[in-house]
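We use all heavy atoms of the structure for the numbers below, so side chains are in, but hydrogens, waters and symmetry mates are not. Along the sequence shown, residues are numbered consecutively beginning with 1.
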Amino acid sequence: GDEVRVWVPACASGEEAYSIAMILAEHARLLDAPPSLQVFATDLDDDAIRAAREGVYPAAISADVSEERLRRFFIREHRGYRLRREVRETVLFATHDLLKDSPFSRLDLISCRNLLIYLTRDAQVRAFDLFHFALRPEGKLFLGSSESVDEGSPLFAVIDKKARLFVQ
């Protein structure tokens, strides 16, 4: 009955969301009783969401994705590589405004890499409040290399400052 829930705000064309889905699937295969997996991926851009749902990436991804992962998670097509249906079904894409729309809830992880650097200080504070609300107790927040939680934040503690990983 366990479930792992992840949110990737500002997902663009879906690479990060699908990468997380693949890593979770790989780990789940090692467990006797794997949890169900759900990755929510959101963005303001309708065109980016449509492209992400397609799950098609150029052949050049073979330089960054291992042969094993290409075999396990992708199907070779004339346009490049398409993620297999079972991976695409793990990720729910939606148009969503982080600062205006209601956040997801009961999340285990939020991966928000390289969005906060584009927000004003007030919008960043609002985003951190939303992330805190959305995460379960002990939920994790993963930020981009140019982002961080303020020292002494009452909302998040550092797990690994270099990796930009925080806990609620």
Of all heavy-atom pairs linking L98 and A127, the shortest is CD2-CB, 4.0 Å
_Heavy-atom side-chain contact between E86 and F73 under 4.5 Å_ = no
- Following the transitive rule for hydrophobic clusters with a side-chain heavy-atom cut-off under 4.5 Å over Ile, Leu, Val, Met, Phe, Trp and Tyr, establish whether L92 and V39 coincide in one cluster. no
Sorted by chain and residue number, the side-chain hydrogen bond (donor to acceptor under 3.5 Å, both in side chains) partners of R136 (sequence neighbours excluded) come out as D108
Heavy-atom closest pair (S146 atom, I117 atom, distance to 0.1 Å) is O-CG2, 3.6 Å
Separation between CG (D129) and CD (Q124), nearest 0.5 Å, reads 12.0 Å
Between the SG atom in C11 and the CG atom in L44, the distance rounded to the nearest 0.5 Å is 10.0 Å
| query | How about D43 and F93: do any of their side-chain heavy atoms sit closer than 4.5 Å? | reply | no
Closest heavy-atom pair, L130 versus P103, reported as atoms and distance to 0.1 Å, is CD2-CG, 3.9 Å
For R126, the side-chain hydrogen bond (donor to acceptor under 3.5 Å, both in side chains) test, sequence neighbours excluded, returns none
**Carboxylate-amine/guanidinium proximity below 4.0 Å for R69 and D64** = no
Rounding to 0.5 Å, atoms CD1 (I20) and OG1 (T90) come to a distance of 12.5 Å
Heavy-atom closest pair (R82 atom, E54 atom, distance to 0.1 Å) is NH1-O, 2.8 Å
(request) Flag the pair F104 / F133 as yes when their ring centroid distance falls below 6.0 Å, and as no otherwise. (result) no
Value for CG (L141) from NE2 (H132), rounded to nearest 0.5 Å, stands at 11.0 Å
Between E68 and R72, does any NZ, NE, NH1 or NH2 come within less than 4.0 Å of an OD or OE carboxylate oxygen? yes
Taking every heavy atom of I75 against every heavy atom of R84, the minimum-distance pair comes out as CG1-NH1, 3.7 Å
- Query: Does some side-chain heavy atom of L31 sit less than 4.5 Å from a side-chain heavy atom of P35?
  - Reply: yes
Decide whether I110 and L37 are clustered together by the hydrophobic rule: side chain heavy atoms of Ile, Leu, Val, Met, Phe, Trp, Tyr closer than 4.5 Å, transitively.
no
Apply the test side chain to side chain contact (heavy atoms under 4.5 Å, CB included) to residues C112 and V8: give CA-CA distance (whole Å), side-chain angles for both, the deciding distance (0.1 Å), then the verdict.
CA-CA 6 Å; C112 184; V8 181; over 6 Å; no
Quick check on the hydrophobic clustering: are V6 and F40 connected, directly or via other members, by side-chain heavy-atom contacts under 4.5 Å?
no
>> Just by distance, no angles: are the side chains of S36 and Q38 close enough, under 3.5 Å, to form a donor-acceptor pair?
In response: no
Margin query: I'd like to check E138 versus Q168 (side-chain heavy atoms, cut-off strictly below 4.5 Å). Are they in contact?
Written below: no
Quiz item: Is any side-chain heavy atom of T42 closer than 4.5 Å to a side-chain heavy atom of T95?
Solution: no
d(E3 CD, L107 CG) to nearest 0.5 Å is 9.5 Å
Q.
Same cluster or not: W7 versus I23, using hydrophobic residues (I, L, V, M, F, W, Y) connected whenever any side-chain heavy atoms lie under 4.5 Å apart?
A. no
Are M22 and L70 linked, directly or through other ILVMFWY residues, by side chains that come within less than 4.5 angstrom of each other? yes
Between D150 and F128, is the side chain to side chain contact (heavy atoms under 4.5 Å, CB included) condition met? List the steps.
CA-CA 10 Å; D150 288 339; F128 283 124; 6.0 Å; no
Inset, instruction - Would you mind reporting whether F142 and R113 have side-chain heavy atoms less than 4.5 Å apart? - result: yes
Minimal heavy-atom distance between A52 and A12, with the atoms involved, is CB-O, 4.0 Å
d(T120 OG1, L99 CG) to nearest 0.5 Å is 8.0 Å
Show me the side-chain donor-acceptor pairs of residues 152-167 shorter than 3.5 Å, one per line, residues at least two apart or across chains.
from : atom 1 : to   : atom 2 : distance (Å)
S153 : OG     : L155 : N      : 3.1
S153 : OG     : F156 : N      : 3.3
D160 : OD1    : K162 : N      : 3.2
D160 : OD1    : A163 : N      : 3.0
K161 : NZ     : E151 : OE2    : 2.8
R164 : NE     : S145 : O      : 3.4
R164 : NE     : E147 : O      : 2.6
R164 : NH1    : K161 : O      : 2.9
R164 : NH2    : S145 : O      : 2.8

When you measure from the centre of the six-membered ring of Y81, is the NZ or CZ of R76 closer than 6.0 Å and no more than 45° off the axis?
yes
